[in-house]
Structures are given as structure tokens and as C-alpha cells.
Amino acid sequence: MPLTEGDEVVAGEHALGLVNEAAREAADAQFAAAVEAWRARFLPLLGPERAPPPQIWDRIVARLPANDRGMRDAARPWRLATLAASAAAAVLLGLLVLRPDGQAPAPVPAPQVAQTPDTRVLVAALTPERGRGALTVAYEPGSGRLTVTPAGFDPDGRTPELWVIPGDGKPRSLGVIGADAARVLRVADDRRALIQSGVTFAVSLEPAGGSPTGAPTGPVVMTGKLFNV
Amino acid sequence: MQLATAGGQDDARARLADALVAVGSGDRRAFHEIYQRTSAKLFGICIRILGEGQDAEDALQEAYVNVWRRAERFDATRASPITWLAAIARNAAIDRLRMRGTRAAAPIDHALDLPDDRPRADALLEENDEAARLHGCLGELPDRDGALVRTAFMEGASYPELAERAGEPLGTIKSRIRRALIRLKDCLCR
């Protein structure tokens, strides 16, 4: 059901800063899309570009919180995404060979100096029963970080959502994912215990914003099992 | 040329979106990449709203610190990176503008011609078109409603402030803005 003209106007007022509908923007994907469209319409008023003085970057860096992980871990999400992408490529080429004990000799980057005690990475390659596309999931139990990399995946206009299905067979949502670009999710603490080697992941196609019920409401298009690398 | 531009823009958008996701995980290299790709745009926003000077530099710093803090919440399915970043910059600049406190009673500036913002020679053709269309549509609005819209957006004026500065009742100003938004959407969709 499209937004009413009245709602379109409220979205415009919010984009202009005349009303505060931040709560609605966060909860209502359709409203958020209307706000985004208004912001894009007004954007030309904010031009032209101007290069800032060089010293501003240093001042910004000096103000960042001191307890973030900084440069030494900066490479991890990118390497993880690379690993996931490599695994996806290997699946597509049919080269990924899984030995019975679950060890996958996928291309692994040189081991990094471990900064956290648990540096394991678990990988799942999700493929459909029919059709194109694949998705790799790379999970770091040490940090709870989950990198999802789609490849050739067409969600048919719907919103893909990732689920983990542990031993009890009940899918738990890990969140809405993208179909075009890699996404890094952080798994909530109470879910992390569920994500072990051998567990099944699944992707379903949901309405905008993800499943409204907490269980898959649309078709499950891909599944795959998680393995130690 | 249209197709090449669209492809290039999609790539740039996807790269920025990926970088924002990485920043949400504390990736400083991705944060630097975002700064390099977008700081000219965001500084331009600060300068446009605050004018030349220290305030614009301070607002830019504030904006990027907020980008760092909020990147985890960026949702590429709901917003494009540039409008998301531009909104953060605008908010930082407006906050600083309002701290000055000097414009509270100034009359609405009815001159609709903006300061010289001749686009850079290498700017995308699309951007120039969009700016021209918006200015045209704002100019077509009746009764100087365009100036009201601009004042709200560029100066962060609230409804009560707009009413005071325009010397009109609050209800009238709200109706004018709402009417203007409907007409703008229509004009820009043509």
C-alpha cells in the first residue's frame, strides 16, 4: 500500500527538519524511503564541493573513542570479506572440496598475529537447490562478527533475511542482508552459542524490513552448513 | 554516457556502503577512505550553511565523528551513503549555526537567487541538471514559498521561527510549507 499524500508531506517536513519523525523513520521502511527521496531532492541546495584543509583529518582522528580497535584490526573485515568471496568463487567453480571431517582446504590468508584469544573462522557456502546465486558466510566466534557475501544473487524484489537453524530446528533470525554487497553483522551475545560447526544457515525472501513475525514468512531460497576452515 | 554514468555511480555507491559497514566494525582504514571520497562534499555543505571560517571546520569534524559513531546503524537498503552522510553534515552545521543565535529574528530572505555556485567543470552532468531543476521548481512555487522551504532547510528554522520571521500565523506557515512540498514533488517528478 503506497504512502498517502499526507505521509509524503510529513516525510518532506522531516527531511526539512521541521518535524521529528526519527522513530517512524527507524520503524517504517516505506516512510524511511520517502524521507530518503526528499533528502535526495534537496541535496543540490547543499553544493558545491570544497576541499577541506588537510589538518582537519588529524583532528577528527584525535577525537575518535580511544577504546576502538584501531588500525591493527582494520584489515580483518576486509580479509574476511576476501576469504568469503574466494570461497564463493570456489563454490561457483565447483572447486570447493569438503573432506568428511569438515576441514575445507579453501584458500586461507596467512595466519595473522592473534590479538584475540579465539581467531577461528567458520565458513558456510549457501547455494540454492535450483537456479543461480550463492552466498558465503564467514563467522568469527572470537568477535561475534558475521560477514555475508552474496554472489549473483537476485532476491526478486524482496528483502533477503539470514537465519541460523540449530539442533532444535527452529530458525533464529540473524538479520536482513544485502543482495549486492557484502555485509558485516554482529551476532547478539545470546545467539553466539548457537553458531557452531555443523549448524545450518538459510536465506529466506521477506517483505521490506524483514520478517514481521520472527520466523521465515517467505520462501527459503538457499541453505548451507557451517564448517571450520 | 547516461549508462556509463549510472554504472559508475552504482559502483561508487556500493563501495561507500561497504566502507560504512566496515566502519561500523571499527575499521579505520575504511573510515579514511570515506573521508577521502566525501569530505569535499561535506565541507561544501558546512561552508554553504555556515559561511567561511572556523565554524565550518569545527562542524566538519563533528560530522565525521558522528559518522564514526553511527556507521553501525547505516542501512544500505534504506538510504544511500551520500544522503546519509550529507544529512549528518547538515545537522552538524545547523547545530553550530543555531549556537550563534543571531538569526532568530531576521526576516525571511526573499531573494531566491543563490550565491554563485557555478558547478565545477568536472562535475557530473546529472548533478548540474538536478540543481537546475530544483532551483526552477522552487522558483515556480507561489507567494515566495520557495524561500520558506530554503530557510527551513538551510538555516534549520523551526515552524514557530518561520512564522515569526515571516510575520504570519503558525497555521498559515504550516499550510504553505505543506502545499509547497506537494507542488515540489509534482514538479520534480515531471
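Each chain gets a letter, A, B and so on, in the order its sequence line appears, and its residues count up from 1. All figures in this text were calculated on a predicted structure; none of them were measured in a lab.
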Toward chain B, the part of [X] with a non-hydrogen atom under 4.5 Å:
X: A15(A); value: backbone
X: V35(A); value: neither
X: A179(A); value: neither

Determine whether [X] and [Y] make a side-chain contact, defined as any pair of heavy atoms from C-beta on separated by less than 4.5 Å.
X: W57(A); Y: S39(B); result: no
X: R39(A); Y: R90(B); result: no
X: R48(B); Y: P48(A); result: yes
X: V176(A); Y: D75(B); result: no
X: L184(B); Y: F42(A); result: yes
X: P52(A); Y: E57(B); result: no
X: L134(B); Y: L43(A); result: no
X: R28(B); Y: L64(A); result: yes

Taking only Lys NZ, Arg NE, NH1 and NH2, and the carboxylate oxygens of Asp or Glu, determine whether [X] and [Y] approach each other closer than 4.0 Å.
X: R78(B); Y: E36(A); result: no
X: R50(A); Y: E52(B); result: yes
X: R186(A); Y: E72(B); result: yes

Let me know if [X] has heavy atoms under 4.5 Å from chain A in its side chain, its backbone, both or neither.
X: A157(B); answer: backbone
X: I45(B); answer: both
X: A17(B); answer: neither
X: L42(B); answer: neither

>> I'd like to know which of A26(A), A37(A), A40(A) tops the heavy-atom pair count under 4.5 Å against chain B.
In response: A26(A)
>> For chain B, which candidate among G6(A), A29(A), A33(A) shows the most heavy-atom pairs at distances under 4.5 Å?
In response: A29(A)
> Would you say R41(A)'s side chain and K185(B)'s backbone share a donor-acceptor pair under 3.5 angstrom?
Replying inline: no
> For chain A, which of T77(B), I47(B), I182(B) has the most heavy-atom pairs under 4.5 Å?
Replying inline: I182(B)
> When only pairs under 4.5 Å are counted, which of A14(B), S80(B), A86(B) shares the most heavy-atom pairs with chain A?
Replying inline: S80(B)
> Taking all atoms of both residues into account, what is the closest heavy-atom pair of R183(A) and A76(B), and its distance?
Replying inline: NH2-N, 4.2 Å
> Which atoms form the tightest heavy-atom contact between A131(B) and P44(A), and what is the distance?
Replying inline: CA-CB, 3.6 Å
> So with a 6.0 Å cut-off around CD of E5(A), is the heavy-atom count from everything else above 12?
Replying inline: no
>> Pair K174(B), E13(A) - check salt bridge (Lys or Arg N to Asp or Glu O under 4.0 Å), show working.
In response: CA-CA 10 Å; K174(B) 288 189 180 180; E13(A) 289 174 299; over 6 Å; no
>> To the closest 0.5 Å, what do you measure between CG (L18(A)) and CG (L148(B))?
In response: 9.5 Å
>> Measuring from atom CD of Q55(A) to atom CD of Q61(B), what distance do you get when rounded to the nearest 0.5 angstrom?
In response: 9.0 Å
> Could you go step by step and tell me if I56(A) and Y64(B) meet the side-chain contact (heavy atoms from CB on, under 4.5 Å) rule?
Replying inline: CA-CA 10 Å; I56(A) 292 192; Y64(B) 277 100; over 6 Å; no
> Aromatic ring centroids of W38(A) and F153(B) under 6.0 Å?
Replying inline: no
> Please walk me through it: do L45(A) and H135(B) pass side-chain contact (heavy atoms from CB on, under 4.5 Å)?
Replying inline: CA-CA 8 Å; L45(A) 289 176; H135(B) 296 161; 4.2 Å; yes
> Going through the checks in order, is the side-chain contact (heavy atoms from CB on, under 4.5 Å) test met by I177(B) and V9(A)?
Replying inline: CA-CA 9 Å; I177(B) 289 278; V9(A) 166; over 6 Å; no
